[in-house]
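These notes concern the structure reproduced below.
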Amino acid sequence: MTPALALRAVTKQYGTLTAVDSFSLEVARGTIFALLGPNGAGKTTIIRILTTLLRPTAGTALVEGLDVQREGKQVRQLIGVVPQENNLDRYLTCRENLVMQARLHGMRPAETARRIDELLDLVGLTGRQHDFPDTFSGGMQRRLVVARALVHHPKVLFLDEPTTGLDPQSRRAVWEYIESLKDSMTIFLTTHYMDEADSLCDRIVIMDHGRALVDGTAAQLKERMSRAHIYELQFRGGADRYEELLRSLPFIRSLQRTGETFRLCLSGEESLKPLMDAIGTGDIRKICLQEPSLEDVFIELTGREVRE
Ligand SMILES: Nc1ncnc2c1ncn2[C@@H]1O[C@H](COP(=O)(O)OP(=O)(O)OP(=O)(O)O)[C@@H](O)[C@H]1O
Ligand SMILES: [Mg+2]
């Protein structure tokens, strides 16, 4: 069967910078696929290539078997896109933005009205449909962009950070809707919310510097960490001092801090005793073994330093 998406050795260069580096991938129809990676990893560049907005420097990209460079027009009929930046038409009302999308895709007026009512209801914007997007909050604009991407019943939906800036209620509403679409289309999304990828996606690729690092289900990716020992460690006080100490210990593979609490990954069980010897027990409020999360896998693979 033709895969919904295929990238064959796709490279994109901006001058001397290689944003996407000979990247290959096939995504089967009906998959909810997540592409994860730190800022600047190359995720948006890949989406822009697949959605015909950017020509690759080398390689081939296919959507439903159609070449994005030679058959761009047909590809655009099949896809819905939620770009990373909201790109609504600010001179059209909320509803008119949706009507415009339907016209661009040659939908009949009768069908259009029904579809738009349904989508407005879904994203909770029925009451604001005659207002202009400039008068919307960031989250409301985001919901409108999601609705617009769905107007013409796309076969493949691209969502570049669909839930960034949404409140928890709206995020859940978008997740539930993405899940309900699962059988009718292929979904390709990027997100920085690891819990979102974990609970929503059938398959995850983590990339960095234009290349894929791992590929599998959330469970398979976490399984990679099964031999790592992750502990949550909470101090009564003096966390700054302990942070310095913890960072100097060679058997701590990674360390994340939230307030007085640390999440640390030891290279093995045998490191627990030297850890306790180094910090002493006086200031410890709590220490417990944790299940590895997708975020642990992400940090382990892509490091701690902040990008760009
Ligand atoms: N138009 C451009 N000109 C030059 N360099 C660019 C351009 N667009 C992107 N880049 C560079 O390409 C690399 C990949 O960018 P891209 O936007 O694909 O990253 P990303 O994974 O989507 O990151 P983020 O999580 O921040 O959205 C970055 O180093 C970025 O600076
Ligand atoms: Mg991006």
Side-chain angles (χ1 to χ4, degrees), residues 5-25 27 32-63 68-69 72 75 79-88 138-139 141-143 145-146 148-149 156-166 171 174-175 178 186-198 200-201 203-216 218 221 256 293-308:
L5 300 170
L7 292 166
R8 308 217 171 106
V10 169
T11 294
K12 178 67 196 181
Q13 262 165 326
Y14 293 109
T16 54
L17 177 96
T18 307
V20 177
D21 190 1
S22 192
F23 196 99
S24 295
L25 175 75
V27 178
I32 304 187
F33 175 88
L35 186 60
L36 309 180
N39 291 147
K43 306 177 298 293
T44 297
T45 305
I46 287 179
I47 288 195
R48 291 177 64 85
I49 290 170
L50 282 167
T51 56
T52 79
L53 296 172
L54 195 65
R55 294 179 85 79
T57 312
T60 328
L62 306 170
V63 174
V68 297
Q69 292 187 79
V75 170
I79 62 173
V81 187
V82 174
Q84 190 166 355
E85 308 294 336
N86 293 340
N87 60 346
L88 294 160
Q141 293 188 25
R142 202 74 193 132
R143 275 143 51 195
V145 177
V146 172
R148 190 188 54 185
V156 185
L157 180 63
F158 292 91
L159 302 152
D160 199 351
E161 299 189 28
T163 55
T164 298
L166 296 191
R171 271 181 77 198
V174 170
W175 291 10
I178 292 174
T186 307
I187 297 167
F188 185 113
L189 66 89
T190 75
T191 179
H192 289 295
Y193 300 109
M194 298 295 127
D195 55 339
E196 184 163 300
D198 194 343
L200 205 58
C201 299
R203 183 174 162 205
I204 296 167
V205 163
I206 300 180
M207 71 175 300
D208 202 2
H209 306 295
R211 287 179 162 270
L213 301 173
V214 277
D215 181 348
L221 267 48
Q256 289 155 267
S293 68
L294 200 56
E295 185 154 327
D296 293 318
V297 181
F298 187 95
I299 297 281
E300 174 88 358
L301 287 167
T302 60
R304 285 188 33 84
E305 77 279 21
V306 174
R307 307 296 168 79
E308 303 191 335

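As a basis for the values below, the full set of heavy atoms in this structure was taken, side chains included, without hydrogen atoms, waters or symmetry mates. Everything numeric here is computed off the predicted structure, so don't read it as measured data. Residue numbers run from 1 in the order of the sequence given. Read the numbers this way: they start at 1 and go in the same order the structure lists the ligands and their atoms.
- With hydrogens and angles left out, the side-chain atoms of Asn87 and Arg148 include a donor and acceptor closer than 3.5 Å.
- Closest approach of Thr45 and Leu54 over heavy atoms only: CG2-CD2, 3.8 Å.
- Contact check for Thr164 versus His192: no side-chain heavy atoms found under the 4.5 Å cut-off.
- Not a single heavy atom of Arg48 lies less than 4.0 angstrom from ligand 1.
- Looking at Lys43 and Asp208, no side-chain N of the basic residue comes within less than 4.0 Å of a carboxylate O on the acidic one, giving no salt bridge.
- Under 4.0 angstrom from ligand 1, there are no non-hydrogen atoms of Val20.
- Between Asp21 and Thr18, the side chains place no donor N or O within less than 3.5 Å of an acceptor N or O (distance only, hydrogens not considered).
- Atom CZ of Arg8 is separated from atom CG of Leu25 by 11.0 Å, given to the nearest 0.5 angstrom.
- The shortest N/O to N/O separation between Ala19 and ligand 1 does not fall below 3.5 Å.
- The residue from His209, Glu85, Glu161, Lys43 that puts a heavy atom closest to atom 20 (P) of ligand 1 is Lys43.
- Protein contacts to the Mg ion (ligand 2) involving N, O or S atoms at a distance below 2.8 Å are Thr44 OG1, Gln84 OE1.
- Contact record, Arg211 with Phe23: C-CE1, 4.0 Å, taken as the closest heavy-atom pair.
- With distances taken over non-hydrogen atoms, the option nearest atom 28 (C) of ligand 1 out of Gly40, Gly42, Gly210 is Gly40.
- For Glu161 and Thr191, the side-chain atoms include no donor-acceptor pair closer than 3.5 Å.
- Remark: distances from the non-hydrogen atoms of Lys12 to ligand 1 are all 4.0 Å or more.
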